[in-house]
Every structure is written in C-alpha cells, then in structure tokens.
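Data block below; observations after.
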Amino acid sequence: MSDTIGSHPASWAGKPYREIEELATSDGSVLVVPVGSIEQHGHHLPVATDTILADAVAKAGAEHADDSVPVLLTPPVWAGYSPHHRSFGGTITREHGSLRETLEEIADAALDNGFDALLLLNGHGGNASLIDSAVSTIGVDQPDSEVLGLTYFELAEPFIDEIRESEIGGMAHAGEFETSLMLHLRPELVHDDREGTYQEEPYDRSQQDLFVGGPLSVYRPFEDYSPSGAIGDPTLATAEKGARIHDRLGDAMGDLLERIHEENR
Ligand SMILES: [Zn+2]
C-alpha cells in the first residue's frame with residue numbers, strides 16, 4: 001500500500017478538478033475526511049499512528065464498497081486535539097475550537113462541489129467529542145447534505161473479542177489493537193521497545209479501554225496512566241491480528257459507505 005498523497009484511486013488529491021466535480025455531483029456521492037493526530041504512541045509506534053490508521057481505514061472502506069458507490073477521500077487532517085499527550089514530547093496539538101472550525105471550513109468548501117454526504121472519519125479518541133460537535137455545527141450549516149461522524153475503532157467492537165488476547169485495559173492507546181494494525185500496515189515504522197501499562201481507571205463507569213467502558217467522561221493526562229505513554233499490551237500485537245482487524249474494518253466501512261450512498265440518492 002502506497003502512502004503517497006493522491007496515489008489511491010479514490011483520492012481527491014490525485015484527481016483533476018473536473019473529475020472531482022463529476023464524482024461529487026453523482027447521485028448518492030459520499031466524501032470521507034479522515035481526521036487523525038500527531039501525538040506520542042509509546043516507545044514503539046510513530047506519532048502519526050492515528051492519522052495513518054484513519055487514512056488506511058478510509059481507503060479500505062473505499063476498496064470494499066461496491067464500485068457503483070461514488071466516494072472520494074480527502075488527505076487526512078493530520079493534527080488533532082492532544083493536550084493530554086503533550087508532556088511526552090513529539091505531540092502537535094490543535095485547540096479544540098480552532099480544529100472544529102477547520103473541519104467546518106473544509107466541509108464548507110468541499111461540499112460546495114455537490115456531495116450528497118460527508119463522513120468525518122476519526123482515528124483518535126481525544127477527537128471524538130470534537131467530531132460530534134462538528135457534525136452538529138456542519139449539519140446546521142449544510143442542510144442539503146447528510147453529515148456524519150465516526151471514530152473508526154468503534155467499528156471493531158462487534159468482532160474484536162474474536163481476535164483480542166489481552167484482558168480489559170490491553171487494547172487502549174498504542175496497545176494490542178493499534179500496534180497489530182501498524183505491524184500489518186506499516187511494519188517498518190514499528191520499533192521493538194514495546195513497553196506498555198494496562199489501562200486502570202478507578203471508575204467502573206468510565207472507559208476501561210478502546211472497547212470496554214461506561215458513559216462517565218474523565219480527563220487525565222496520559223503520564224498518569226503509563227510511564228512510557230503506551231496504554232495496553234503491545235507485546236500481544238501481531239501482524240496477523242492486524243491483517244484480520246484491517247480486513248474486518250474495511251468490510252464494515254465498505255458496508256457503511258454503501259448504506260450512506262443508498263440513503264442519500
Ligand atoms: Zn492512537
């Protein structure tokens with residue numbers, strides 16, 4: 001898989017403008033804007049992990065969706081809301097409000113081309129509330145388009161127990177889940193020093209890892225969870241698990257793109 005901007009057949013960035021307009025004005029057209037972050041991911045994963053994975057899942061979805069679905073993917077928004085990672089270094093965070101405004105501006109300009117639907121595809125837990133806000137504000141400004149938002153790893157919730165080996169708390173930040181995906185997609189970027197700490201939250205009703213938890217919101221800088229910055233068990237990660245997760249995510253994402261297309265034609 002190439003990482004070059006515009007190299008994917010569904011990439012907005014690789015097309016001349018008339019092709020973009022033709023696609024955007026097709027019946028039931030869908031635009032996907034991946035949103036990531038640049039933040040520490042422990043000693044073993046690159047800081048762009050969430051951006052790389054949101055982009056990869058968008059591409060996998062476009063590949064799994066039926067060829068009749070007119071879908072385009074913008075380049076990923078590479079900086080997210082990550083103040084809780086900043087003490088580790090390597091983090092470039094946006095302000096919550098200005099990132100939401102950036103998403104509104106991108107949506108405004110992009111939807112002008114005639115898309116019927118927009119999906120903000122998020123790769124970073126710290127962006128999740130911001131994505132929800134942006135869906136609400138863009139939705140108000142764009143009454144003629146369907147405006148949707150999703151944090152991609154939520155798509156794995158129905159099947160992840162078939163794949164995971166870690167206990168609760170092992171699939172969190174740079175743990176078994178993200179490290180497996182990176183070993184499959186970008187193994188050259190994964191380092192050997194896989195030091196992680198299982199997520200431990202004192203409140204049962206707050207998030208216990210990416211896939212387990214309750215509704216209580218908590219703010220904690222990540223140095224409170226883990227000395228390395230990695231939360232979970234990256235030592236259980238394998239490329240084989242990553243391939244299975246990637247394929248299932250692509251399948252789920254493809255189904256969602258088809259559904260959005262059908263709903264908006
Ligand atoms: Zn991450």
Side-chain angles (χ1 to χ4, degrees), residues 3 34-60 76-94 96 99 120-131 149-157 160 163-164 166 168-187 189-191 193-199 201 207-213 218-239 241-242 245-246 249 253:
D3 193 38
V35 184
S37 71
I38 296 289
E39 65 189 36
Q40 70 79 20
H41 270 72
H43 300 160
H44 65 293
L45 292 184
V47 293
T49 292
D50 295 348
T51 305
I52 291 168
L53 294 180
D55 185 55
V57 172
K59 287 171 175 164
V77 176
W78 57 266
Y81 181 66
S82 310
H84 45 298
H85 294 282
R86 208 162 168 176
S87 70
F88 290 96
T91 297
I92 303 176
T93 185
R94 300 286 312 273
H96 206 268
L99 178 54
L120 300 174
L121 185 64
N122 175 39
H124 167 44
N127 289 344
S129 66
L130 196 152
I131 295 289
L150 174 73
T151 298
Y152 84 84
F153 46 76
E154 307 277 2
L155 291 173
E157 200 270 335
I160 200 64
I163 298 171
R164 81 181 289 167
S166 59
I168 292 171
M171 280 189 164
H173 179 76
E176 184 190 10
F177 179 83
E178 286 185 322
T179 306
S180 292
L181 278 171
M182 288 298 285
L183 282 169
H184 169 56
L185 292 164
R186 301 296 299 273
L189 298 181
V190 182
H191 292 235
D193 181 7
R194 296 197 213 166
E195 182 192 332
T197 306
Y198 269 69
Q199 180 162 348
E201 255 308 325
Q207 207 61 28
Q208 303 296 314
D209 74 9
L210 292 180
F211 303 105
V212 181
V218 178
Y219 179 79
R220 248 178 250 301
F222 271 35
E223 68 266 24
D224 288 6
Y225 287 119
S226 164
S228 71
I231 309 173
D233 194 345
T235 65
L236 292 173
T238 66
K241 281 182 203 169
I245 295 169
H246 180 244
L249 285 172
M253 191 62 209

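We number each residue from 1, following the sequence as shown. Indexing begins at 1, ligand by ligand and atom by atom, following the structure's order.
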Worksheet entry | Contacts of Y198 that satisfy ring pair (Phe, Tyr, Trp, His ring centres under 6.0 Å) - sequence neighbours left out | none

Discussion item. Under 2.8 Å from the Zn ion (ligand 1), which protein N, O or S atoms do you find? Ignore water molecules.
Written reply: H41 NE2, D50 OD1, E178 OE1, E178 OE2

Worksheet item: Looking only at side chains, do S228 and E195 share a donor and an acceptor under 3.5 Å apart?
Response: no

Discussion item. Tell me if the CD1 atom of I163 is crowded by more than 12 foreign heavy atoms within 6.0 Å.
Written reply: yes

Worksheet entry | Results of side-chain hydrogen bond (donor to acceptor under 3.5 Å, both in side chains) for T49 - residues two or more places apart only | none

Worksheet item: How would you list, by chain and number, every residue that makes a salt bridge (Lys or Arg N to Asp or Glu O under 4.0 Å) with E178, sequence neighbours excluded?
Response: none

Worksheet item: Side chains of R164 and D209: closer than 4.5 Å at any heavy-atom pair?
Response: yes

